[in-house]
> 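If you scroll down you'll find the structure; I have some questions about it.
Here is how names work: the chains are called A, B, and so on, in the same order as the sequence lines, proteins then strands, and each is numbered from 1. Heavy-atom basis, side chains included; hydrogens, waters and symmetry copies ignored.
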Amino acid sequence: QKEVEQNSGPLSVPEGAIASLNCTYSDRGSQSFFWYRQYSGKSPELIMSIYSNGDKEDGRFTAQLNKASQYVSLLIRDSQPSDSATYLCAVIPWYSSASKIIFGSGTRLSIRP
Amino acid sequence: NAGVTQTPKFQVLKTGQSMTLQCAQDMNHNSMYWYRQDPGMGLRLIYYSASEGTTDKGEVPNGYNVSRLNKREFSLRLESAAPSQTSVYFCASSGVSNTEAFFGQGTRLTVV
């Protein structure tokens, strides 16, 4: 079982709709969770970090964390063509005393006009 | 504001050649990382360093060595390159424990 799992997609969402991206992780004690966006040929850039159960909102983006279900999601409201990218979920397992960050394989998101 | 700087940006090697990928950060971060990214595989951790003088293996360390030269610099060495090491390599750094990582612009390596 991979430590961080994501559906590879592609996920196609109409412009203006809500895009929902999901991620599960295997280490129950994980404490730190991140969402990165990566455009083709570019390096990953941080969108959101979340550390506590519940929702965290930043503009059009909302991260949701459910530690009991070992599940973290990212919602993108009012999706724009510029949101078309690969979204990477990342986790720091509890056993890592050295901030070892593990990534999922990413979900490719396509926003259609 | 340079952030994380990797050199070179592109490299072509012949099988069996060696090379070192360089990475430097100017954010005074303690932790540094090397990842490789292959199509459909996401980012896989090769090695990481929690602080100057320490290094640890990640998910795919075979065929690589690293050096944490000082707090700013973390290099990745391929002693005998193989076609399976054709990939995009990213260096990253993070500051306070358990916080997010910031990435360099990547090195596209082709081994023929």
> Please check if B:Tyr47 and B:Phe102 belong to a single hydrophobic cluster, counting links between Ile, Leu, Val, Met, Phe, Trp and Tyr side chain heavy atoms closer than 4.5 Å.
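No; tracing contacts between hydrophobic side chains, which count when under 4.5 Å, never links both residues.
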> Roughly how far, to the nearest 0.5 Å, is OG1 of B:Thr99 from CZ of A:Phe34?
6.5 Å
> Name the region of A:Tyr36, side chain, backbone, both or neither, that has any atom closer than 4.5 Å to a heavy atom of chain B.
side chain
> Which atom names give the shortest non-hydrogen contact between B:Tyr33 and A:Lys100, and what distance separates them?
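Residues B:Tyr33 and A:Lys100, closest heavy atoms: CE2-CA, 4.3 Å.
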> Distance from B:Glu100 atom CD to A:Ile47 atom CD1, nearest 0.5 Å?
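Here the interatomic distance stands at 12.5 Å.
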> Quick check for you: to the nearest 0.5 Å, what is the distance between B:Ser94 atom OG and A:Leu46 atom CG?
11.5 Å
> Relative to chain A, which segment of B:Leu43 carries a heavy atom at a distance below 4.5 Å: side chain, backbone, both, or neither?
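Both parts, backbone and side chain.
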> Verify the cluster assignment for A:Ile102 and B:Trp34: are they in a single hydrophobic cluster under the rule of side-chain heavy atoms below 4.5 Å apart?
no
> Is it possible for you to say whether B:Val88 and A:Phe103 belong to one hydrophobic cluster, with membership spreading through side-chain heavy-atom contacts below 4.5 Å?
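B:Val88 and A:Phe103: one cluster.
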> Honestly curious: do A:Tyr51 and A:Trp35 fall in one hydrophobic cluster under the side-chain, below-4.5 Å linking rule?
yes
> Ignoring hydrogens, what is the shortest heavy-atom contact between A:Gly41 and B:Arg108? Give both atom names and the distance.
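Smallest interatomic distance, heavy atoms only, reads CA-NH2, 4.5 Å.
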> Looking at B:Ala101 and A:Ile101, what are the two nearest heavy atoms and their distance?
CB-CD1, 3.6 Å
> Are B:Val12 and B:Val111 grouped together when hydrophobic residues (ILVMFWY) are joined by side-chain heavy atoms under 4.5 angstrom apart?
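Hydrophobic grouping puts B:Val12 apart from B:Val111.
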> Name the region of B:Gln105, side chain, backbone, both or neither, that has any atom closer than 4.5 Å to a heavy atom of chain A.
backbone
> Does any heavy atom of chain B fall under 4.5 Å from the side chain of A:Glu45, the backbone, both, or neither of them?
neither
> Give the member of A:Ser32, A:Ser8, A:Ser43 that has the highest number of heavy-atom pairs under 4.5 Å with chain B.
A:Ser43
> If I compare all heavy atoms of A:Lys42 with all of B:Phe90, which pair ends up nearest, and what's the gap?
O-CZ, 3.8 Å
